[in-house]
Amino acid sequence: MDARLYLCSAMFPEYDVIVVGAGHAGCEAAGAAANMGCKVLLVTMNMQTIAQMSCNPAMGGVAKGQIVREIDALGGYSGIVTDETMVQFRMLNLSKGPAMWSPRAQSDRMLFARKWRNILEGHANIDFWQDMVSGLLVKDRRITGVSTSMGHEIKARAVVLTNGTFLNGIIHVGDKQFGGGRAGESPARGITDQLVSLGFEAGRMKTGTPPRLDGRSIDYSQTEIQYGDDKINRFSFTQTRLPDRQLQCHITYTNPEVHDILKTGFDRSPMFTGRIQGLGPRYCPSIEDKIDRFAERDRHQLFIEPEGWDTNEIYLNGFSSSLPEEVQFAALRKIPGLQQVKMFRPGYAIEYDYFPPTQLQLSLETHLVAGLFFAGQINGTTGYEEAACQGLIAGINAVRGIREEEPLVLKRSEAYIGVLIDDLVNKGTEEPYRMFTSRAEYRIMLRQDNADFRLTPVAKAMGMQGMEERWKRLESKQTAFRGLCSFMEENMCTPDEINPYLQRIGSSPIELKTRMAQILSRPDVKLEDMMSYSPSLQAAAADLDEETRLSVQIHIKYEGYVRKEQEMVDKMLRLEAVKINPDYNYHSLTALSNEARNKLSKIRPATIGQASRISGVSPADISVLLVHLGR
């Protein structure tokens, strides 16, 4: 054997799974595949930027917080890392119903990356290699490994691409542009051209980031303080360590003078001059895009967010920009509190390649190359949370594919993760996809408080390692939950004991003994308060933790709505049960519309349910399919 080949085989034995990229998607993919019992190689261009929070130092938010809890319930690590590195916690939307409650945490950027790296390095099934993957090894339309810029060919049975913004990345600052996947880092080249040569369709997208500021130069007395919640909630369903104090964030605003200064740079803005071809995120626009699209508004809110416990670096959320740095700086100095501000670095836009996700199966495996999976921004999504959940599913399904097991495909009624992947595969996206609660038609069922009830049994059934303690906690929680629900359904409150409470909150008093559950179902009634007035309820619920009591309260209050949603789910599941042959010839069905024939032939839905959610496939088309399938 050639000495070089011998050394290469010794350095790189054949892996079960190679994960390319070590951002949020890559870290979750590597962790999931390793916890499924497979040997994993994580390849990254820079070992020092594993799990780097490239944009804002925060996890969670509206719908995103639900995703992080779902990742945790499935055995992922994003929730654990967030809990143990947070500097501030807030539960958003508490004034709305519990389906809208969304946890969000500011994290210490450096601590976050360090914690992730420690977790991955502590796993015996994960190896690392610092290099750029420049190509894929493909034989007979099946992945066999990767090739790197250092000339290595590394074999694997499955490959997960999580390239983030690095594929042919170009950074824009004013009229300057240079190659880069992130500030100070090189782009990844070679993979796009090869995938296109294999028949994949590629596109371009754009995202951006705001300038980083020196916190020592900010006059916080001119800003509003944004405190964290008094009570910190966990993202993880495990007993993670939480901080004993929190950092403050602050709020300030732009003004007409700021807008006028920013406009002076529009003639050099890559967005307005056409140098940027990719579409940016609709729901997180740059500051120049905001003042152009919303010209009638004379101010925009900005969040001054600390990047960690031991740094003065500040993230100015809401001021993403690719304008010339001198324009950014001049505008910043007209913002209240920032009159003497110093910049650590300017904001910039980054343009990168992505691959429309309609080219994927619901498992996130590509149609064109078996054993090749895409996860994260390569699929056109934006956000750490969206990337992380895709990485988790891709890592799991890479292993299940190797073992010739059915892939894990979460339904829209089971998880926000299921909604996200279903949207991507069936509808595609031409702009960076971001999750919102409004995208989930069954969001009353998909709350952040019940993610463990929904998904931890799924992880246990798959044989995910490290679930034993989680399963014991869930069984205990389920027993306590069912016990208290039954107690409140079966036991009564007397007028004497509960009317003082009802009168205090302005709720109608009762005249006869009434079931506790019926009283709790009233809008303003809270379980914790009822316990203070009912000794028997206090005794029944005293040993339950606050999270379980909250789950009971939500369940009883919204039981009727959940039942209606479940009826809708049951109807949809009947369509999901009707399978379609993956080789079905849709072009032979002339009764289908032309658009339906083209879309169905491209996406190759596995069921009638999936076919019904494809953009351009009408109810009439579904009826035609059902007739031809004998249903």
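Because the structure is predicted, anything quoted here is derived from the model rather than measured. In what follows, every heavy atom counts, from backbone to side chain, and hydrogens, waters and symmetry copies are set aside.
For R212 and E307, the salt-bridge test passes: some basic side-chain N is under 4.0 Å from an acidic carboxylate O. Remark: R104 does not engage E385 in a salt bridge, criterion side-chain N to carboxylate O under 4.0 Å.
No side-chain donor-acceptor contact under 3.5 Å links Q222 and T252. Using a 3.5 Å distance cut-off with no hydrogens or angles, the side chains of E305 and N56 do not pair a donor with an acceptor.
Contact of the L242 side chain with the F89 side chain is not registered, since no non-hydrogen atoms from C-beta on lie closer than 4.5 Å. Side-chain contact between E224 and Y253 is present, with heavy atoms from C-beta onward closer than 4.5 Å. Under the 4.5 Å side-chain criterion, counting only non-hydrogen atoms from C-beta, F436 is in contact with R439. Counting heavy atoms from C-beta outward, V341 and D214 have side chains that stay 4.5 Å or more apart. Annotation: side chain of Q246 is in contact with side chain of Q88 (closest heavy-atom distance under 4.5 Å). Taking the side chain as every heavy atom from C-beta outward, K411 and L573 approach each other to under 4.5 Å. A 4.5 Å side-chain heavy-atom check between Q106 and Y315 finds every atom pair outside the cut-off. Within the 4.5 Å cutoff, no side-chain heavy atoms of V17 are placed close to those of F373.
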C389 and M435: side chain to side chain contact (heavy atoms under 4.5 Å, CB included), yes or no, with the steps?
CA-CA 11 Å; C389 73; M435 178 54 71; over 6 Å; no
Could you give me the CA-CA distance, side-chain angles and deciding distance for R470 and D72, then say whether salt bridge (charged side-chain N to carboxylate O under 4.0 Å, His left out) is met?
CA-CA 10 Å; R470 286 175 177 271; D72 184 79; 2.9 Å; yes
Checking side chain to side chain contact (heavy atoms under 4.5 Å, CB included) for the pair H555/F481: CA distance, chi angles, key distance, verdict?
CA-CA 10 Å; H555 170 77; F481 172 85; 3.7 Å; yes
Please evaluate residues E546 and K231 with respect to the criterion salt bridge (charged side-chain N to carboxylate O under 4.0 Å, His left out), reporting the C-alpha separation (whole Å), side-chain torsions for both, the decisive distance (0.1 Å), and the verdict.
CA-CA 11 Å; E546 185 176 340; K231 174 172 175 50; 3.8 Å; yes
Candidate pair N93 and V62, rule side chain to side chain contact (heavy atoms under 4.5 Å, CB included), full reasoning
CA-CA 8 Å; N93 289 336; V62 177; 3.7 Å; yes
Could you walk me through whether R473 and Q239 satisfy the side chain to side chain contact (heavy atoms under 4.5 Å, CB included) test, starting with their C-alpha distance in whole Å, then the side-chain angles of each, then the deciding distance to 0.1 Å, before giving a yes or no?
CA-CA 10 Å; R473 289 181 57 81; Q239 287 300 300; 2.9 Å; yes
What do the steps show when you test S363 against R400 for side-chain hydrogen bond (donor to acceptor under 3.5 Å, both in side chains), and what is the final call?
CA-CA 10 Å; S363 63; R400 293 180 73 82; over 6 Å; no
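Within 6.0 Å of NZ on K557 lie more than 12 heavy atoms contributed by other residues, nucleotides or ligands. Under a cut-off of 6.0 angstrom, the local environment of CZ in R299 is sparse, with at most 12 non-hydrogen atoms contributed by other residues, nucleotides or ligands. For CG of D230, the number of neighbouring non-hydrogen atoms (other residues, nucleotides, ligands) closer than 6.0 Å is 12 at most. Counted within 6.0 Å of OH on Y220, heavy atoms from surrounding residues, nucleotides or ligands total more than 12; the atom is thus considered enclosed.
Ring orientation note: the planes of Y384 and H24 are close to parallel, at an angle under 30° on the 30°/60° scale.
Using a distance-only test at 3.5 Å, with no hydrogens or angles considered, no donor-acceptor pair links the side chain of S476 to the main chain of K472. No side-chain donor-acceptor contact under 3.5 Å links N397 to the backbone of P407. Although no hydrogens or angles enter the test, the distance criterion places no donor-acceptor pair under 3.5 Å between the side chain of N35 and the main chain of M464. T311 places no side-chain N or O within donor-acceptor distance of the main-chain N or O of G308, the cut-off being under 3.5 Å. Listed for the D452 side chain is no donor-acceptor partner under 3.5 Å among the backbone atoms of A73. In this structure, the side chain of T223 does not engage the main chain of D219 through any donor-acceptor pair within 3.5 Å. Put simply, the side chain of E559 never gets that close to the backbone of I556: no donor and acceptor are under 3.5 Å apart. Using a distance-only test at 3.5 Å, with no hydrogens or angles considered, no donor-acceptor pair links the side chain of N379 to the main chain of P357. Using modelled atom types, no side-chain atom of Q66 and backbone atom of Y416 make a donor-acceptor pair closer than 3.5 Å. Listed for the N125 side chain is a donor-acceptor partner under 3.5 Å among the backbone atoms of A34.
The SG atom of C249 sits 9.0 Å away from the CG atom of N317 when rounded to the nearest 0.5 Å. Taking OG1 of T240 as the reference point, atom CD1 of I232 lies at 10.5 Å (rounded to 0.5 Å). Rounded to the nearest 0.5 angstrom, I304 CD1 and I225 CD1 are separated by 11.0 Å. One distance of note links CZ of F344 with CG of L213; it measures 8.5 Å at 0.5 Å rounding. For the atom pair C485 SG and Q553 CD, the distance stands at 11.0 Å (nearest 0.5 Å). With values rounded to the nearest 0.5 angstrom, I519 atom CD1 is found 4.0 Å from C493 atom SG.
For the pair R447 and Y558, the cation-pi criterion (under 6.0 Å, within 45° of the ring axis) is not fulfilled. For the pair R412 and Y442, the cation-pi test (distance below 6.0 Å, angle within 45°) is failed.
Considering N491, L527, V525 in turn, N491 is the only one that fulfils the side-chain contact (heavy atoms from CB on, under 4.5 Å) rule with M516.
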Just list the side-chain donor-acceptor pairs under 3.5 Å for residues 534-543, sequence neighbours left out, or say none.
{"residue": "S534", "atom": "OG", "partner": "S536", "partner atom": "OG", "Å": "3.3"}
{"residue": "S534", "atom": "OG", "partner": "L537", "partner atom": "N", "Å": "3.3"}

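Here the shortest heavy-atom pairing between Q390 and E386 reads NE2-O, 3.0 Å.
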